[in-house]
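Structure first, commentary second.
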Amino acid sequence: MEFSSEANQRIARISAHLYPPNLQMEENSCLRQAKCRAKGGAAGFKVAILGAAGGIGQPLAMLMKINPLVSVLHLYDVVNTPGVTADISHMDTGAVVRGFLGQPQLENALTGVDLVIIPAGVPRKPGMTRDDLFNINAGIVRTLCEGIAKCCPNATVNLISNPVNSTVPIAAEVFKKAGTYDPKKLLGVTMLDVVRANTFVAEVLGLDPRDVDVPVVGGHAGVTILPLLSQVKPPCSFTQEETEYLTNRIQNGGTEVVEVTELPFFASKVRLGRQGAEEIFQLGPLNEYERIGLEKAKKELAGSIQKGISFSKK
Ligand SMILES: NC(=O)c1ccc[n+]([C@@H]2O[C@H](COP(=O)([O-])OP(=O)(O)OC[C@H]3O[C@@H](n4cnc5c(N)ncnc54)[C@H](O)[C@@H]3O)[C@@H](O)[C@H]2O)c1
Ligand SMILES: O=C(O)C[C@H](O)C(=O)O
């Protein structure tokens, strides 16, 4: 059936909203587009959140549903996904939301997705370090990554589950074993460290945090979180102590860019694209305080990485 006038096309659009796509018989392009959207076939990222019913998973699901780049959103957890999925699916944005509950549905949750975000696992309680979560979360992450290797081997994977310094290496080992490992597509999520650094530096400088940019590199635990305060933007004035640091920075302006390539996992500023982390930015000049911090970070990070790798090889 052809729609000749603008009014008829409007009616077609309305009917496409009223009826499920499989009940639409017409083959005009307007309806085809509607079907395509409902099936999640429209251009855009298909995203799965594993651990979607948790404290991180739920607000993350909301952010993904708001994101105009996302066309399909799969919410997977071992508990509570039906309610969370219903809730998120009522948001009046374009992404199609589907829920998946429990291990038997993991493969369906993962099939065909471009981006998998993993906040599954236990969070720490007061008095615990992130590393105390290792025994539980390592196994959870390994199982989920085995599913990724099988069902969406080309997906970009964002790992939130702690201890990130060890769960990222675990994921890498799983993918290597499966022959699917692409370092550009496996990223530990350390953005929170950047957000905090921006907030705290802005407080000291009396600036709006949105105008402040503090690079944070290394890892995501204790001394491995290394803010590069000498690279704060915008350039600012400092206290006596900070002045010494600035002087040091100027004195070492020509210092060769610090390379940390001996560590296989190291959080850095990156440019994200379809192919994952398409560009990794260098650390830039460090002052003496940061250089000392970098050495501490590398030492602890190396231990956490080895722990993840050894676990996967058992
Ligand atoms: N990288 C970061 O910046 C960052 C920030 C916050 C939290 N975290 C980490 O993220 C993780 C989750 O934190 P939270 O506060 O959301 O915890 P939470 O307990 O609120 O939620 C975790 C969710 O994971 C689910 N889950 C458990 N086992 C699972 C499995 N096998 N498969 C799928 N889902 C499973 C739980 O059912 C729960 O819904 C923790 O390890 C925490 O330390 C990391
Ligand atoms: O600290 C935690 O245990 C959670 C997360 O990694 C954080 O930085 O807030």
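One is the number of the first residue; the rest follow in order along the sequence. In listed order, ligands and their atoms are each counted from 1.
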Open item on the list: Given 3.5 Å as the limit, does a donor-acceptor pair link the side chain of Tyr181 with the main chain of Ala171, or not?
Closed with: no
Open item on the list: Out of all atoms in ligand 1, which are within 4.0 Å of some heavy atom of Leu133? Include the element for each.
Closed with: 43 (O)
Open item on the list: Heavy atom to atom 18 (P) of ligand 1, shortest distance: which of Gly57, Gly55, Pro163 holds it?
Closed with: Gly55
TODO: Treat each ILVMFWY residue as a node, draw an edge where side-chain heavy atoms are under 4.5 Å apart, and state whether Val47 and Met91 are in one component.
DONE: yes
Open item on the list: With nothing but distance in play, are any N or O atoms of Gly54 less than 3.5 Å from an N or O of ligand 1?
Closed with: yes
Open item on the list: I'd like to check which ligand 1 atoms, numbered from 1 as shown, lie under 4.0 Å from a non-hydrogen atom of Val79.
Closed with: 37 (O)
TODO: Quick one: look up the protein heavy atom nearest atom 37 (O) of ligand 1 and list residue, atom name and how far away it is.
DONE: Asp77 OD1, 2.6 Å
TODO: Measure the acute angle between the ring planes of Phe311 and Phe134, then classify it against the limits of 30° and 60° as parallel, tilted or perpendicular.
DONE: perpendicular
- [ ] Starting from atom 40 (C) of ligand 1, locate the nearest protein heavy atom and write down its residue, its atom name and how far away it is, to 0.1 Å.
- [x] Val122 O, 3.2 Å
Open item on the list: Check for me whether Val78 has a heavy atom closer than 4.0 Å to any atom of ligand 1.
Closed with: yes
Open item on the list: Under 4.0 Å from a heavy atom of Asn137: which atoms of ligand 1 are those, numbered in the order shown and with their elements?
Closed with: 41 (O)
Task: Shortest heavy-atom approach to atom 19 (O) of ligand 1 - which of Gly51, Pro123, Ser161 - done: Pro123
Open item on the list: Need the ligand 2 atom indices (1-based, order shown) with element for anything under 4.0 Å from a heavy-atom of Arg124.
Closed with: 1 (O), 2 (C), 3 (O)
Task: Heteroatom distance test (Leu144, ligand 1): nitrogen or oxygen, under 3.5 angstrom - done: no
TODO: Determine yes or no for a side-chain-to-main-chain donor-acceptor pair under 3.5 angstrom, with Glu290 supplying the side chain and Leu229 the backbone.
DONE: yes
- [ ] Could you give me the CA-CA distance, side-chain angles and deciding distance for Cys152 and Val116, then say whether side chain to side chain contact (heavy atoms under 4.5 Å, CB included) is met?
- [x] CA-CA 9 Å; Cys152 51; Val116 185; 3.9 Å; yes
TODO: Write out the residue and atom name of the closest protein heavy atom to atom 16 (O) of ligand 1, then the distance separating them to 0.1 Å.
DONE: Ile56 N, 2.8 Å
TODO: Report the part of Asn162 (side chain from C-beta onward, or backbone N, CA, C, O) that has a heavy atom under 4.0 Å from ligand 2; answer both or neither where that applies.
DONE: side chain
- [ ] Measure the spacing between CG of Leu75 and CG of Leu101 and express it to the nearest 0.5 Å.
- [x] 11.5 Å
TODO: Output yes when a side-chain donor or acceptor of Thr81 lies under 3.5 Å from a complementary backbone atom of Tyr76, and no otherwise.
DONE: no
Open item on the list: Counting only nitrogen or oxygen atoms and a 3.5 angstrom limit, does Asp193 reach ligand 2?
Closed with: no
- [ ] Considering the heavy atoms of His220, write down every atom of ligand 2 situated less than 4.0 Å from one of them.
- [x] 5 (C), 6 (O), 7 (C), 8 (O)
Open item on the list: Could you measure the distance from the NE2 atom of His74 to the CG atom of Asn108? Nearest 0.5 Å is fine.
Closed with: 8.5 Å
TODO: For ligand 1, find out whether one of its N or O atoms is nearer than 3.5 Å to an N or O atom of Tyr76.
DONE: no
Task: Pairwise distance CG(Leu192) to CD1(Ile56) - rounded to 0.5 angstrom - done: 7.5 Å
Task: Contact partition for Thr190 relative to ligand 1, non-hydrogen atoms under 4.0 Å - done: neither
Task: Leu192 neighbourhood, listing ligand 1 atoms whose heavy-atom distance to it stays under 4.0 Å - done: 3 (O), 5 (C)
TODO: Starting from atom 4 (C) of ligand 1, locate the nearest protein heavy atom and write down its residue, its atom name and how far away it is, to 0.1 Å.
DONE: Ile160 CG2, 3.5 Å
Open item on the list: Measuring only between side-chain heavy atoms, which start at C-beta, is Ser268 closer than 4.5 Å to Phe281?
Closed with: no
Open item on the list: Does the Lys NZ or Arg CZ of Arg274 fall within the cation-pi geometry relative to Phe45 - under 6.0 Å from the ring centre and within 45° of the axis?
Closed with: yes
Open item on the list: Suppose we measure from atom 9 (O) of ligand 2 to each protein heavy atom; which comes out shortest, and what is that distance?
Closed with: Arg196 NH2, 2.6 Å
Open item on the list: Give the atom numbers and elements of ligand 2 that come within less than 4.0 Å of a heavy atom of Leu192.
Closed with: 7 (C), 8 (O), 9 (O)
Task: Closest protein heavy atom to atom 43 (O) of ligand 1, given as residue, atom name and distance to 0.1 Å - done: Asn162 ND2, 2.8 Å
TODO: Return the residue, atom name and 0.1 Å-rounded distance of the protein heavy atom closest to atom 34 (N) of ligand 1.
DONE: Ala120 CB, 3.4 Å
Open item on the list: Return the closest protein heavy atom for atom 22 (C) of ligand 1 as residue, atom name and distance.
Closed with: Gly121 O, 3.0 Å
Open item on the list: Evaluate Val189 for polar contact with ligand 1, using N/O atom pairs at a separation under 3.5 Å.
Closed with: yes
Open item on the list: Less than 4.5 Å apart, side chain to side chain, heavy atoms only: is that true for Cys145 and Ile170?
Closed with: no
- [ ] Indicate whether the side chain of Gln306 and that of Ser310 have a donor and an acceptor atom separated by less than 3.5 Å.
- [x] yes
Open item on the list: Using modelled atom types and a 3.5 Å cut-off, is there a donor and acceptor pairing between side-chain atoms of Thr93 and backbone atoms of Lys65?
Closed with: yes
Task: No-hydrogen, no-angle side-chain donor-acceptor test under 3.5 Å, Thr167 and Asn137 - done: no
- [ ] Flag the pair Asp208 and Arg210 as a salt bridge only when some basic side-chain nitrogen lies within less than 4.0 angstrom of an acidic carboxylate oxygen.
- [x] yes
- [ ] Starting from atom 3 (O) of ligand 1, locate the nearest protein heavy atom and write down its residue, its atom name and how far away it is, to 0.1 Å.
- [x] His220 NE2, 3.4 Å
Open item on the list: I need the atoms of ligand 1 closer than 4.0 Å to a non-hydrogen atom of Val164, numbered in the order shown.
Closed with: 1 (N)
